[in-house]
Amino acid sequence: MLTVTLPDGSTRDYEQPVSVAEIAHSIGPGLAKAALAGRVDDRLVDTSYLVEQDASVAIVTERDSDGIEVLRHSCAHLMAQAVQRLFPEAQVTIGPVIEHGFYYDFAFSRPFTPEDLSAIEQSMAEIVKEDLGVERKLLERDEAVQLFREMGEHYKVEIIESIPSDEPLSFYRQGEFIDLCRGPHVPSTGKFKAFKLTSVAGAYWRGDSSREMLQRIYGTAWPNAKELRLHLQRIEEAEKRDHRKLGRQLGLFHFQEEAPGMVFWHPKGWTIYQIIQSYMKKVQDDHGYLEINTPQLVDFSLWEKSGHAAKFSEEMFTVESDNRQYAIKPMNCPCHVQVFNQGLKSYRDLPMRLAEFGSCHRYEPSGSMHGLMRVRNFVQDDGHIFCTEEQIQSEVAEFMQMLFKVYRDFGFDDVLLRLSTRPEKRVGSDELWDRAEDALRQALDATGREWELVPGEGAFYGPKIEYSLRDCMGRLQQCGTMQVDFFMGERLGAQYVDEDNSRKTPVMLHRAALGSFERFIGVLIEHFGGAMPVWLAPVQAVVMNITDNQAEYCREVEESLKNKGFRIESDLRNEKIGFKIREHTLQKTPYLLVVGDREARSGTVSVRKRGGEDLGIMTLDAFCGQLSKEIAEYGRAGSDGALRQLSGGRQHEVEALRT
């Protein structure tokens, strides 16, 4: 007799070993039909898994996040089987689950075409109709190598031979298709209801640029057609909002081969950059930060002392001069310690908050760079707080108060908080870590917000909090961070005189609100679809004449508004007014001011918003009031408009797109 404990606390007794599928059927036929996998004593398993002793068991369905992951991983096998049915000479390699989907890498003699993807999808649908059972089996290493060698699957042979000899080898078979995999997988191919192949890309075998180039087919799978449709809408909307595309369209920035991974900012893009930097400078001034600036080139010995050379040397750019080796700084923290070390500090000087808009360089492989999101040269709103252990909690709490206001001003209210605690390899005593983690927990609890614990993911020198913004597409963008560091100050000789005249090492709090300016601007462009809030818009209004008769008055309006501190341009070209309105609407200018004879005579302007709303005729004073009011709101008005338009105004689908 064995006892199974279910998630609700109830128990069921069985006279002999029983499979997860049989447990599901004993609960009810509906659950048995929906079962995709099981969780036995917190281990994810196939429905065929045999429970042989007392255990806690949960049935995993498409309603569970685990179930979605099993579904997607199994769909990768479904795709691979379809590929080999259509193209028997194609070799399968690796096919993991990724966010919202999966991919599989194939070795094939020619590029896959869009027509191929359609044919593969059709073949997948046929395999689903066949409802093939999915069977797990174990093979000895030699047997597995021989099997795949006979199949011509040379990449699988290489994978098997690289696995440690004491690790069991599990395989999954569905019909004629078999693949090496840990699993678990769905019980049969009939479980798939909604999937789509989305794209093809190149990928080096095992990520090694010296190895063969394979073809990676991406796909997505969902529990039903509605969720698939919403996901495809998200993809379509994300493509429209791609910051690289909008950066070119709006004339904000560009990249070129002569400076890979480094941004050429155009006037409008640099205006946005400077607005953000000025805003952050004021915020930091208001919160007691002292702004500094440190060198770009620093002797390599400093990075050896700080420990960065040992961990990040492959990411550092170096240069030699006068028989000395220098590093172009990849981060700012060691230099900030040098500023702190100038002159002996007292406990009365703490906390000392140093901030720098520090330009950093890191080597990113060419294949990993992605527009503004991942570059080789970036600027951080970097800050370091030198404090005592007793001050950690209050400093973290004050930083978070500042952080949430900053995020609200940029249009982000949904912030995910994660606390990463001590890893196995770390410096400092457990007692010290206890105090630091407890301080961060209390600071997080004091926010009244939910937060997530990530055990073991802290840095080796201390625990950290990561702040991720959820954009209008529901994607998480990790931006801010707060890291507690017991290590660097000691290594670089930072000390202060305590109340009892003893010398002590200050705790360093590494903090950033936006992170990389480049990446944050990329996030903003995609969040707002290029239609920046008025306070961030590089051009806040354009004055347009209907005929040459109003040109002089347009210049007067432009000058008057500029003198009041607004960013204004005139468009006096000899073009039809409809053409001008369309062009500046495409440039996502917040306000369009149209001037005809009537407006010129009365000293007014006809005001249109970029969304097409006609605000009618206004005096300049009234328009200034409107503009000032909207600027004062920062980005808090949100950005639901594009999503409402995307879903035809159906609010429940807007929320679905967000999540």
Side-chain angles (χ1 to χ4, degrees), residues 36-37 62 64-88 90-108 110-132 134 155-156 172 174-205 207 213-239 242 473-475 656-657:
L36 298 178
E62 65 184 27
D64 304 301
S65 58
D66 285 339
I68 300 296
E69 185 163 325
V70 169
L71 192 72
R72 288 173 179 156
H73 189 49
S74 301
C75 202
H77 281 218
L78 176 70
M79 177 182 71
Q81 182 178 11
V83 167
Q84 291 201 314
R85 278 192 177 184
L86 294 170
F87 312 104
Q91 293 187 60
V92 297
T93 62
I94 297 172
V97 173
I98 56 175
E99 185 179 20
H100 303 314
F102 56 87
Y103 70 76
Y104 229 115
D105 289 345
F106 298 92
F108 191 44
R110 65 168 178 82
F112 288 116
T113 65
E115 292 74 23
D116 291 334
L117 293 193
S118 296
I120 294 166
E121 279 186 9
Q122 181 60 41
S123 180
M124 292 168 70
E126 291 168 0
I127 297 170
V128 170
K129 289 180 182 177
E130 294 172 21
D131 196 18
L132 302 173
V134 179
Y155 293 92
K156 286 296 179 187
Y172 283 80
Q174 51 195 57
E176 77 285 0
F177 179 77
I178 186 170
D179 198 5
L180 169 72
C181 190
R182 289 191 179 94
H185 282 275
V186 297
S188 74
T189 61
K191 294 294 184 181
F192 302 104
K193 299 174 185 175
F195 52 81
K196 179 73 177 175
L197 302 185
T198 55
S199 63
V200 181
Y204 290 111
W205 171 230
M213 176 67 78
L214 306 177
Q215 294 188 70
R216 177 170 295 176
I217 300 180
Y218 287 96
T220 186
W222 295 83
N224 55 62
K226 179 181 177 182
E227 290 187 54
L228 173 62
R229 177 175 61 82
L230 287 170
H231 175 69
L232 295 177
Q233 284 181 324
R234 282 195 294 268
I235 292 176
E236 181 182 355
E237 183 66 13
E239 289 174 353
D242 189 311
M473 297 299 298
R475 302 170 302 187
L657 282 166

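These figures come from a predicted structure and were not determined experimentally. Count residues from 1 along the sequence.
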Next item on the list: State, with a plain yes or no, whether a side-chain heavy atom of Asp105 is found less than 4.5 Å away from one of Trp205.
Entry: no
Margin query: Please find the pair of heavy atoms, one from Gly190 and one from Asp131, that lie closest to each other, and give the distance.
Written below: N-OD1, 3.0 Å
Check: With the threshold set at 4.0 Å, does a side-chain nitrogen-carboxylate oxygen contact exist between Glu126 and Arg85?
Finding: no
Checklist line | pair Leu117-Glu121: side-chain heavy atoms closer than 4.5 Å | finding: no
Check: With side chains defined as the heavy atoms from C-beta onward, is the minimum distance between Phe192 and Ser74 less than 4.5 Å?
Finding: yes
Item checked: Phe112/Phe87 aromatic ring centres below 6.0 Å -> yes
Margin query: Let me confirm one number: the CD1-OG1 distance from Ile98 to Thr220, rounded to the nearest 0.5 Å.
Written below: 8.5 Å
Checklist line | Gln215 side chain reached by Val83 side chain, heavy atoms, under 4.5 Å | finding: no
Notebook entry, point to check: Do the numbers put Arg72 on top of the ring of Phe102, so that NZ or CZ is under 6.0 Å from the six-membered ring centre and no more than 45° off the axis?
Noted result: no
Item checked: Polar side-chain atom of Asp64 near backbone of Asp66 as donor-acceptor pair, under 3.5 Å -> no
Next item on the list: Please check if the side chain of Lys156 supplies one atom and the backbone of Thr93 the other of a donor-acceptor pair under 3.5 Å.
Entry: yes
Check: Atom CD1 in Ile127, atom NE2 in His77: separation rounded to 0.5 Å?
Finding: 12.5 Å
Notebook entry, point to check: Which value, rounded to the nearest 0.5 Å, describes the distance between Leu36 atom CG and Ile68 atom CD1?
Noted result: 8.0 Å
Item checked: Nearest non-hydrogen partners of Gln174 and Thr189, listed with the distance -> NE2-CG2, 3.9 Å
